[in-house]
**Q** 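Sending over a structure as structure tokens; questions will come in a sec.
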2 protein chains.
Amino acid sequence: MDIHDIAKISGYSSSTVSRVINNRNYVSEKARQDIQRVIKEFDYVPNEVARDLSKGKTHNIGVVLPHTSHPYYTQLVEGIMSAAFPAGYRIVMLPSKFDADIEMNYLNRLRRKAYDAIIFTSHGIPIKEFLKYQQYGSIVICHNPGDYNIAAAYAEREESYKAAFQWIQAQKYQKIAILLSRPYEVSSTAQKTFQAYRQIFNSNPDKRLLNTKITTFEDGYNAASQFHKENYKPDIYFTNGDDIAAGVRQFHLDNNLPIPKLIGQENQLSGKILNIPTINHNFHKVGKLAFELAINNEIKQLPVESEFIFRNQEKL
Amino acid sequence: MDIHDIAKISGYSSSTVSRVINNRNYVSEKARQDIQRVIKEFDYVPNEVARDLSKGKTHNIGVVLPHTSHPYYTQLVEGIMSAAFPAGYRIVMLPSKFDADIEMNYLNRLRRKAYDAIIFTSHGIPIKEFLKYQQYGSIVICHNPGDYNIAAAYAEREESYKAAFQWIQAQKYQKIAILLSRPYEVSSTAQKTFQAYRQIFNSNPDKRLLNTKITTFEDGYNAASQFHKENYKPDIYFTNGDDIAAGVRQFHLDNNLPIPKLIGQENQLSGKILNIPTINHNFHKVGKLAFELAINNEIKQLPVESEFIFRNQEKL
DNA sequence: GTGAAAGCGCTAACAT
DNA sequence: ATGTTAGCGCTTTCAC
């Protein structure tokens with residue numbers, strides 16, 4: 001049952017039926033009634049894929065994510081969806097596992113018109129590569145693209161990181177452990193962290209107190225355990241998540257050790273419960289902006305300020 | 001630049017080009033080389049939408065969710081994606097806000113071939129309605145469908161709920177507060193909870209200690225505050241999430257009140273940190289099974305057992 | 001106001 | 001092994 005069947009049965013042409021379906025142009029009241037009656041009677045609905053093909057537009061936005069289940073991504077996706085839904089767009093989830101080949105595959109699917117635009121919440125592909133693909137649809141990344149002319153919405157971390165390190169400095173903490181999810185070489189977040197550190201302390205972070213493979217509570221726990229085994233005893237942990245900081249705390253608690261100072265990120269519930277100072281990156285807003293860039297096909301950079309949220313860990 | 005252009009330029013027909021692209025049937029080595037050279041030279045890629053239309057298949061699975069950002073949904077989505085990715089399917093997120101009209105809209109998009117199958121992680125539409133739509137593509141729900149012949153993967157909560165209430169009974173707690181997300185009338189989860197309660201205590205839960213509008217930490221906090229204001233003082237809270245239980249705890253902490261016993265659900269990090277007993281519903285597995293039902297077009301029911309995880313809250 | 005017909009770009013049955 | 005052709009189902013231009 002397609003539009004031609006309806007045309008035949010109602011005695012009009014398929015173009016008139018199309019007009020009725022999309023209420024476009026002028027259609028006589030009689031034709032409209034006749035056609036709508038037939039549509040009702042045969043319970044006809046138009047095929048979305050045929051429409052997409054004909055229009056050259058899918059109303060789908062691809063969203064590339066290395067993994068779900070982590071606050072950065074869930075907040076971002078939620079932000080994107082909150083803007084996409086009212087605009088009549090849908091989100092297609094594209095899991096990447098940080099694998100550049102998989103990412104390239106998705107980028108090629110943009111060329112193939114599988115979606116109208118693509119948002120990279122994270123990317124292993126060099127930014128330069130993206131430039132060639134911009135002609136096929138809008139591409140938005142969620143990191144600072146530097147001088148590259150590519151659409152981006154991202155958390156501006158500098159100031160909040162500096163604020164956090166300034167606070168650490170003011171408290172005169174000496175041994176500063178840093179827990180991150182990915183190594184300096186591949187992670188602009190790690191680079192920003194180091195940069196802020198250097199600006200405040202005029203030195204590099206202590207490599208012995210650095211771990212760049214942390215993504216979960218358990219990872220935080222184990223990292224703390226490792227430092228303790230090596231007898232490093234940090235005064236404070238600057239971590240990549242409140243949940244991570246909670247893992248560090250848990251290790252000390254379980255072993256009856258004094259709990260070091262902690263700084264989290266992402267403004268998660270665990271930080272609120274345990275009164276851990278944190279950094280809120282406002283990813284929800286970043287997601288919203290990313291979506292808007294995607295559909296408006298604007299090549300702009302939109303930084304979103306992060307904020308250091310101080311909490312008095314003593315109160316715990 | 002479409003398949004016909006490639007055909008013309010290479011001197012073969014579009015069907016031979018199609019064969020090369022999809023490496024199907026027999027194509028002479030020479031033709032393959034000739035055609036592939038032209039494809040390379042003109043940097044041609046096939047259009048995904050045209051292919052979908054022609055094949056009548058999109059490789060997209062719609063996933064309806066009332067909201068993201070809650071553990072039930074994120075775990076479920078992750079489970080679905082973990083199975084969908086290796087199978088070459090993509091997940092289209094369909095936010096519903098618990099609104100049956102929006103859900104119906106998605107169901108109709110299944111008819112319109114916008115996706116090959118649809119998974120309802122939650123549904124306001126009566127199950128009966130789904131039956132009519134099964135002819136248009138496979139429909140999977142994530143709740144027990146009872147006697148209806150519809151595909152379903154879901155958490156089997158009975159035993160774990162009973163185990164939790166049995167434990168409460170064994171401890172001789174009297175005043176049992178219950179916090180849920182949605183009211184008895186519309187929520188099968190609430191119904192299961194009550195049913196388990198009745199089986200253990202031979203009575204209905206105390207309505208004065210019931211709140212069915214709880215979804216966040218803050219809601220838990222406020223519910224506790226409300227009960228306290230009304231001077232009800234529950235011995236124990238049976239809640240719909242570890243985060244919720246943490247909210248209840250926080251209220252008592254902030255007001256220097258003795259912390260009541262707590263039972264959470266979802267096996268969240270907050271429960272782990274605070275040593276709150278919980279119920280793990282294994283939603284990741286439910287999601288995986290839901291996806292498999294969706295693509296295999298099997299109309300089966302697959303319950304997944306939940307487990308009561310006991311923790312000694314005293315240890316906190 | 002309505003219809004004919006040419007797309008949109010690919011697939012697959014059938015013919016050779 | 002390769003080509004012809006009729007789909008897949010809708011939109012849109014142009015003519016009347």
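Remember, it's a predicted structure, so these values are computed and weren't measured experimentally.
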**Q** Nearest whole Å is fine: how far is dG3(C) P from Lys8(A) NZ?
**A**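 These atoms are roughly 14 Å apart.
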**Q** Where each residue is assigned the nucleotide of DNA chain D containing its nearest heavy atom, which of Lys30(B) and His4(A) is assigned the position nearer the 5′ end?
**A**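 Checking each residue's closest nucleotide, the 5'-ward one belongs to Lys30(B).
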**Q** State which of dT2(D), dG3(C), dG9(C) makes the closest approach to the side chain of Tyr12(B).
**A** dT2(D)
**Q** Could you check how far CD of Glu48(B) sits from C1' of dT11(C), rounded to whole Å?
**A**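 Nearest whole value for this atom pair: 13 Å.
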**Q** With respect to the side chain of Tyr44(A), which nucleotide from dT13(D), dA12(C), dC10(D) is positioned closest?
**A** dC10(D)
**Q** Please find out if less than 6.0 Å separates the ring center of His59(A) from that of Tyr89(A).
**A** yes
**Q** Compute the ring centroids of His123(A) and Phe130(A), then answer whether they are less than 6.0 Å apart.
**A** yes
**Q** Please report the distance, rounded to the nearest Å, between CG in Asn47(A) and P in dG9(D).
**A** 6 Å
**Q** Choosing from dT12(D), dC10(D), dT11(C), which nucleotide comes nearest the side chain of Pro46(A)?
**A** dC10(D)
**Q** If you compare every side-chain N and O of Arg24(A) against the phosphate oxygens of dT12(D) (OP1, OP2), does one of them come in below 4.0 Å?
**A** yes
**Q** Does a donor on one side chain and an acceptor on the other come within less than 3.5 Å for Tyr44(A) and Asp5(A)?
**A** no
**Q** Taking for each residue the nucleotide of DNA chain D bearing the nearest heavy atom, is the 5' side occupied by Asn22(A) or by Glu29(B)?
**A**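 The residue closer to the strand's 5' end, by nearest nucleotide, is Glu29(B).
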**Q** State which of dG9(C), dG9(D), dG3(C) makes the closest approach to the side chain of Ser54(B).
**A**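 Looking only at heavy atoms from C-beta outward on Ser54(B), the closest nucleotide is dG9(C).
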**Q** Of all the nucleotides listed (dG3(C), dT2(C), dG9(D)), which has the minimum atom distance to the side chain of Val27(A)?
**A** dT2(C)
**Q** Under 4.0 Å between any heavy atoms, over every strand shown, what does Ala31(B) touch: base, sugar-phosphate, or nothing? Just pick one.
**A**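 The residue Ala31(B) makes sugar-phosphate contact but no base contact.
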**Q** Using the ring centroid of each side chain, check whether His281(A) and Phe283(A) are separated by less than 6.0 Å.
**A** yes
**Q** Return the value, rounded to whole Å, for the distance between atom OH of Tyr26(A) and atom C1' of dG3(C).
**A**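 Atom-to-atom, Tyr26(A) to dG3(C), this comes out as 18 Å.
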**Q** From the list dT5(D), dG3(D), dC10(D), which nucleotide is the closest neighbour of the side chain of Ile3(A)?
**A** dC10(D)
**Q** Any donor-acceptor pair under 3.5 Å between the side chain of Ser15(B) and the base of dT5(D)?
**A**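 No, the side chain and the base share no sub-3.5 Å donor-acceptor pair.
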**Q** Closest approach to the side chain of Arg19(A), judged atom by atom: which nucleotide of dA1(D), dT2(C), dT11(D) is it?
**A**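 Closest nucleotide to the Arg19(A) side chain: dT2(C).
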**Q** In Å, rounded to the nearest 0.5 Å, how long is the span from CG of Asp52(A) to CZ of Arg112(B)?
**A**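 Separation between the atoms: 11.0 Å.
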**Q** Atom NE2 of His59(A) to atom P of dC10(D): distance rounded to whole Å?
**A** 16 Å
**Q** Could you walk me through whether Lys8(A) and Asp2(A) pass the salt bridge (charged side-chain N to carboxylate O under 4.0 Å, His left out) check?
**A** CA-CA 10 Å; Lys8(A) 205 164 292 170; Asp2(A) 67 13; over 6 Å; no
**Q** Taking any heavy-atom pair under 4.0 Å as a contact, classify Ser18(A): base, sugar-phosphate, or nothing.
**A** base
**Q** Ignoring hydrogens and angles, are the base of dG3(D) and the side chain of Thr16(B) linked by a donor-acceptor pair under 3.5 Å?
**A** no
**Q** Taking the side chain of Ser13(A) as heavy atoms from C-beta outward, which of dC10(D), dG3(D), dA4(C) is closest to it?
**A**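 Looking only at heavy atoms from C-beta outward on Ser13(A), the closest nucleotide is dA4(C).
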**Q** Rounded to whole angstrom units, what separation is found between the CD1 atom of Ile21(B) and the P atom of dT11(C)?
**A**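 Computing the Ile21(B):CD1 to dT11(C):P distance gives 6 Å.
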**Q** Separation of Ile35(A) atom CD1 from dG1(C) atom C1', in whole Å?
**A**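 One finds 11 Å between C1' of dG1(C) and CD1 of Ile35(A), rounded.
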**Q** Taking CZ from Arg112(A) and P from dG9(C), how many angstroms apart are they, rounded to a whole number?
**A**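 Result: 15 Å.
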